[in-house]
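Below, all heavy atoms of this structure are taken into account, side chains as well, without hydrogens, waters or symmetry copies. Within every chain, numbering begins at 1; the chains are lettered A, B, ... in the order of the sequence lines, protein sequences first and strands thereafter.
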Amino acid sequence: MTNLLEVNNVSKNFGSFTALNNVSLAVPKGSIFGLLGPNGAGKTTLIRVINQITMPDTGSVFLDGETLQEKHIKDIGYLPEERGLYKSMKVGEQALYLAQLKGLTKTEAKQRLKYWFDRLEIGDWWNKKIQELSKGMAQKVQFVVTVLHEPKLLIFDEPFSGFDPINANLIKDEILYLREKGATVIFSTHRMESVEELCDDIALINKSNKILDGKLTEVKRQYKSNTFEVGLRTDNNAKLEQEIADKFSISTAYFKTLDNELKLNIKLNHVDKPNDLLNYLTSKAEVSHFVELIPSVNEIFIQTVKSNN
Amino acid sequence: MNHLPLIIKREYLNKVRNKAFIIMSVLSPVIMIILVCVVAYLSQINNDKVRVITVLDESGLLNNTFKNSEKTSYNILTGMSLNDAKVLTKEANSSGLLHIERFNNLEEASNYIKFYSEESPSLSLVSDIEGKLEKALTAKNLKEKGVNVDTINAAQIKINMAQESFDGEKTSKIDSVVKLIFGGAAGYLLFMFIIIYGNMIMRSVIEEKTSRIIEVIISSVKPIQLLLGKIIGTSLAGITQFVIWLILGSILLTIVSLVFGIEVQTPQQQMVEQAVATPEINAQVQNILEAFYNLPITNLIVAFVLFFVGGYLLYSSLYAAIGAAVDNETDTQQFMLPIIMPLILAVYIGIFTVIEDPHGTVSTVFSYIPLTSPVVMLMRIPFGVPVWQQLISLLILVATFLFTVWFAAKIYRVGILMYGKKPSYKELIKWIKY
């Protein structure tokens with residue numbers, strides 16, 4: 001699979017402060033790429049480098065195989081975290097203006113705006129001023145403006161903040177729709193459940209360095225600890241627990257069950273097979289629950305950042 | 001991609017459609033006219049009042065000196081003590097009491113003349129009375145010393161030197177005054193324009209930061225295009241407002257003067273009207289008109305437009321740079337002085353140095369320095385400046401303007417990245433390199 005965006009060894013210093021330190025990334029074409037990291041890690045600086053707002057001190061950026069240059073402005077759609085529109089301008093006028101700045105002609109922009117405004121059911125806002133809209137409403141307008149010129153690369157910085165659950169879902173569907181139509185999406189957020197749900201690839205940046213990246217499934221595989229959560233029905237919980245503890249490393253598990261079962265997390269060493277464990281357990285008790293523990297993005301995030309610090 | 005026309009259009013429409021802008025465009029001339037009317041009315045009231053001065057002349061030397069005029073009437077007292085005269089003056093509610101003691105030596109007259117009043121008298125009143133006394137007593141003194149006044153008057157010679165440049169161009173003192181007025185008006189206009197609309201540009205630059213749209217815009221266009229667009233768009237809006245003021249103002253003035261007649265005449269107009277009445281001053285008006293036609297009109301108009309535009313653009317790019325460097329409007333105060341200073345300096349140099357010596361070192365140097373050249377050069381041109389000098393000055397001005405816009409654009413980039421933190425000079429230089 002080819003990469004739409006490649007960031008190679010990019011560094012950026014502000015005075016004595018290092019915002020990015022030798023960061024490299026590859027965003028596959030057609031993927032949804034999660035750019036994660038704690039506050040102040042350098043995510044926004046990286047996004048600004050991709051948007052040519054900031055020039056890197058060293059390193060290079062390639063979009064679709066070409067060195068990033070001015071003409072690529074129209075290939076990128078950027079929804080910054082610091083959102084804003086001209087407050088005293090009318091919605092339609094403003095959207096037209098911003099679309100024209102991205103290289104659309106007026107008629108093109110009008111057509112597409114009509115399509116998108118109808119799609120998001122905001123057609124009757126055309127003549128309203130931004131200051132008359134609520135924050136969420138303004139965000140919708142801004143979303144339309146970001147995607148209107150049908151860029152190859154969409155960059156969303158916290159796209160769901162300020163939206164109610166219904167609108168957040170609407171925007172999520174739109175992002176998936178855009179991806180289906182061929183766009184590549186970079187997605188920067190602190191909401192791990194949306195990363196879990198949407199992202200194919202992730203990269204984790206902490207303290208100006210990239211500390212983790214890859215396919216989400218690969219990352220999870222890499223971080224799973226071969227631990228199984230089990231529920232066992234037996235007459236004597238304490239006796240069985242002792243027996244298992246002699247053979248495996250265990251800890252107490254917490255999950256909801258109907259009966260007073262023995263609930264354990266059992267960690268296997270890498271030679272043991274899950275089936276062997278299951279066979280062993282069925283020989284001892286009735287197994288009501290057997291699940292492999294896959295780490296969530298949230299857990300990976302916290303674990304990696306903590307150990308990195 | 002060139003988005004400049006698009007940005008200019010947006011900035012222009014945004015300014016012109018602004019409610020405050022529309023209201024100010026219409027209201028300002030109305031307020032101005034009302035102000036003129038009020039001032040004219042008030043001065044009329046003041047003029048109508050007749051001042052009464054009580055005079056107690058014990059010397060008897062000044063019998064025919066004080067004659068009633070339109071604005072002042074004199075109440076001459078005789079055979080009364082000073083104290084009685086004071087009481088009488090107070091009761092009569094007159095402006096004051098002039099007391100002249102009996103005295104012999106005319107040269108010591110000052111010691112015997114005193115003015116009593118409730119409040120200290122106005123400067124014009126004092127100098128008026130002093131003038132009358134001096135004239136009368138000098139005449140008396142001359143007579144006493146056996147000198148004939150008529151002889152002196154006849155012997156006095158007045159000189160009005162004719163001036164001519166080597167090119168054969170005739171000039172005169174009045175010429176200088178006309179030139180000064182012309183240059184001064186041009187300089188003052190530029191000054192006002194810069195202060196009013198420079199601020200507007202600065203606010204419009206800050207607006208994008210406070211509304212947080214800056215990141216969207218800056219990811220679409222180059223900062224220099226954005227800044228240039230803002231400066232040009234706002235300037236056009238400013239010119240629009242100025243034209244509206246001019247048109248509306250003259251229409252209103254015409255209407256008001258038709259309705260109220262002579263009342264709204266300014267003192268200058270009255271002066272001119274009075275002047276026409278007397279042949280001597282009539283000739284002077286003729287001179288003024290002649291001096292006006294003698295000005296290098298074409299050069300002046302072309303230079304005025306070019307230097308006005310150049311100077312305005314330069315200063316507005318400085319305002320834009322300030323807007324780019326700060327986060328909100330309150331932070332701009334400290335940067336204002338360095339901008340206003342050269343402007344004020346230019347006006348002072350224009351008024352004091354250029355008039356004294358239009359082609360001296362100081363005038364010449366300051367007509368090249370870009371921050372002062374628009375004002376100083378405009379004031380120098382009526383006195384005749386070679387075209388090549390004007391061109392060089394203009395070239396420096398335009399180059400500086402381009403440099404400032406470019407510089408402001410760099411600051412802009414740094415400014416949006418440094419929320420709440422001032423960029424260091426080192427950092428600025430680094431950014432400029434990119």
### Query
Based on non-hydrogen pairs under 4.5 Å, which of B/E207, B/K9, B/R10 is most in contact with chain A?
B/R10
### Task
Please find out if less than 6.0 Å separates the ring center of A/F187 from that of A/F160.
yes
### Query
Quick one: ring pair (Phe, Tyr, Trp, His ring centres under 6.0 Å) partners of A/F117, sequence neighbours excluded?
A/W126
### Message
With a 4.5 angstrom heavy-atom cut-off, is it the side chain or the backbone of B/I7 that approaches chain A, or both, or neither?
### Response
both
### Message
So, applying side chain to side chain contact (heavy atoms under 4.5 Å, CB included) with A/V49, which one of A/L68, A/L20, A/V23, A/T44 is it?
### Response
A/L20
### Task
Output every pair passing ring-ring contact (aromatic ring centres under 6.0 Å, His included) with a member in residues 197-241 of chain B, not counting sequence neighbours, ordered by first then second residue.
B/F193-B/Y197
### Query
Measuring heavy-atom distances to chain B, does A/K90 have an atom under 4.5 Å in its side chain, in its backbone, in both, or in neither?
neither
